[in-house]
2 protein chains.
Amino acid sequence: MRLLVEMETKSDVGFTPRMKPKKPKNTRTPKRKPGPSDKEAQIVQRLLKCGQFLQRETNTVCRQFGLKQQQFSVLNEIVWQGPISQKALCERLLFEKSNLSKIVKILLEKKLIRVAVAPGDRRMTLLSETPKGVALWEDCLQAFNQVSNRLMSLLADDEVAGVTRLLKKLEKAFKSQGR
Amino acid sequence: MRLLVEMETKSDVGFTPRMKPKKPKNTRTPKRKPGPSDKEAQIVQRLLKCGQFLQRETNTVCRQFGLKQQQFSVLNEIVWQGPISQKALCERLLFEKSNLSKIVKILLEKKLIRVAVAPGDRRMTLLSETPKGVALWEDCLQAFNQVSNRLMSLLADDEVAGVTRLLKKLEKAFKSQGR
DNA sequence: CGCAAATAGTTTCCGTGTCAACTATAATAT
DNA sequence: ATATTATAGTTGACACGGAAACTATTTGCG
């Protein structure tokens with residue numbers, strides 16, 4: 001049992017790299033050819049990598065204000081999107097509903113948001129920010145923006161626009177396909 | 001205490017949206033102007049969103065094979081990058097070393113990888129895949145590729161190339177700036 | 001040499017993300 | 001009206017991720 005390898009020039013990390021440093025000889029039947037450079041899987045892999053890294057990085061930023069990144073995202077969305085239900089938040093932020101429920105609980109305990117029963121449908125709750133929530137949000141947002149600028153400093157202006165457009169497209173795809 | 005709001009047309013989610021549905025009147029002093037459309041923070045936010053979504057999605061894929069997405073990523077990297085140390089894996093995958101240590105332990109328990117003390121430096125361990133590991137990796141990779149294709153189906157070919165290039169650039173930035 | 005600092009990896013503790021099962025309300029069917 | 005199904009949100013169990021503290025080597029330096 002050895003690996004199928006196609007020797008080429010130095011490549012980068014990814015799902016279907018073109019070079020495997022060791023084991024130059026193929027002594028193994030190619031049951032599954034190593035996906036002819038599966039670009040899509042590479043993107044997913046890279047997005048995961050960047051996402052996880054950014055999550056750690058932004059968590060340390062938000063922690064200064066006693067929040068986690070997800071909690072801040074929810075607070076941010078509530079501030080901007082006015083009274084909004086958990087359902088709507090889930091859809092906008094691509095969150096898991098049980099997770100969101102717990103985040104909401106924490107934000108409530110911290111008195112950063114307020115909750116009201118939706119008129120006309122008592123299942124639904126409408127969330128809105130408190131003055132205290134807005135104050136914390138402002139401070140945290142400033143720090144968040146600062147770190148974001150540092151992290152994205154390598155991107156040129158047109159690249160920034162391009163990334164934004166593409167991520168928006170992906171989000172849309174996820175929203176429609178998501179479970 | 002009310003929000004500073006600039007009314008405009010319907011906008012999308014993000015850090016500096018141009019419309020706030022409710023509260024059309026600004027009755028609050030703009031202590032901090034709402035970052036003149038902080039594009040960078042928006043990108044970070046979107047990357048986080050997509051990353052978290054993809055993590056859930058790929059986790060369910062990997063779970064069919066008894067793995068989590070991160071475990072699969074590590075296995076994948078070990079398969080492609082031959083005998084490799086935890087340190088190197090951390091750098092390539094942008095992982096936390098304590099987390100990686102635990103993942104390695106799990107993969108060892110499942111007998112998917114093998115460990116050897118590095119010659120010349122007994123602190124370091126060199127990880128390589130076992131036949132069993134390769135077999136599982138193949139199956140999991142196939143499923144992973146399939147899901148990736150589905151998730152990325154909205155992207156055109158040139159967009160795929162563009163995203164790849166930009167993510168590569170971001171990774172590089174993260175690697176240099178990371179802590 | 002011998003001791004301090006750096007490096008690779010591990011462990012501990014805690015918070016939290018996820019799935020599945022559950023409650024409560026609303027919509028739909030009979 | 002009543003029963004069934006769907007929807008919004010909650011809870012509990014459990015495993016995992018992350019920061020910090022820790023161990024064990026190696027390197028650097030006086």
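Hydrogens, waters and symmetry mates play no part in the numbers below; they use all other heavy atoms, side chains included. In what follows, chains carry the letters A, B, and so on, assigned in the order in which the sequence lines appear, proteins first and then strands, with residues in each chain numbered from 1.
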Counting side-chain heavy atoms from CB outward, which of dT26(D), dT11(C), dA8(D) is closest to Ser101(B)? dT11(C)
Rounded off to whole Å, could you give me the CZ-to-P distance for the Arg123(A) and dT10(D) pair? 13 Å
Under the ring-ring contact (aromatic ring centres under 6.0 Å, His included) test against Trp137(B), which residue among Phe65(B), Phe144(B), Trp80(B) passes? Trp80(B)
I'd like to know if the side chain of Ser85(B) reaches the main chain of Thr125(B), judged simply by a donor and an acceptor atom lying under 3.5 Å from each other, with no hydrogens or angles considered. no
To the nearest Å, give me how far apart CG (Asp121(B)) and C1' (dA24(D)) are. 11 Å
Examine the base of dT25(C) for any acceptor or donor lying under 3.5 Å from a partner atom in the side chain of Arg122(A), and report the outcome as yes or no. no
Could you tell me the separation between the CG atom of Leu89(B) and the C1' atom of dG9(C), rounded to a whole number of Å? 13 Å
Euclidean distance, atom CG of residue Leu100(A) to atom C1' of dC19(C) [Å, nearest integer]: 16 Å
In whole Å, I'd like the distance from the NZ atom of Lys87(A) to the P atom of dA26(C). 16 Å
Return yes if some donor-acceptor pair links the side-chain N/O of Ser101(B) with the main-chain N/O of Lys97(B) below 3.5 Å, else return no. no
Looking at every non-hydrogen atom in both residues, tell me the closest pair between Cys62(A) and Cys140(A) and how far apart they are. SG-SG, 3.9 Å
Roughly how far, to the nearest 0.5 Å, is CZ of Phe72(B) from CG of Leu48(A)? 10.5 Å
In whole Å, what is the span from the NZ atom of Lys105(A) to the C1' atom of dT18(C)? 15 Å
Which residues pass the side-chain contact (heavy atoms from CB on, under 4.5 Å) test with Ile113(B), not counting sequence neighbours? Leu75(B), Ile78(B), Val104(B), Leu107(B), Leu108(B), Leu127(B)
Could you go over nucleotides 12-18 of chain D and give all protein N or O partners under 3.5 Å, atom names and distances?
from	atom 1	to	atom 2	distance (Å)
dG12(D)	O6	Lys102(A)	NZ	2.7
dA13(D)	N6	Lys102(A)	NZ	3.2
dG17(D)	OP1	Gln70(B)	OE1	2.6
dG17(D)	OP2	Asn99(B)	OD1	3.1
dG18(D)	OP2	Asn99(B)	ND2	3.1
dG18(D)	O6	Lys102(B)	NZ	2.0

Separation of dT10(D) P from Glu109(A) CD (nearest whole Å): 12 Å
Between C1' of dT23(D) and CD of Gln86(B), the distance in whole Å: 14 Å
Taken to the nearest 0.5 Å, the spacing of Asn59(A) CG from Gln55(A) CD works out to 6.0 Å
Assign Lys97(B) to base, sugar-phosphate, or nothing according to its heavy-atom contacts below 4.0 angstrom with the strands shown. base
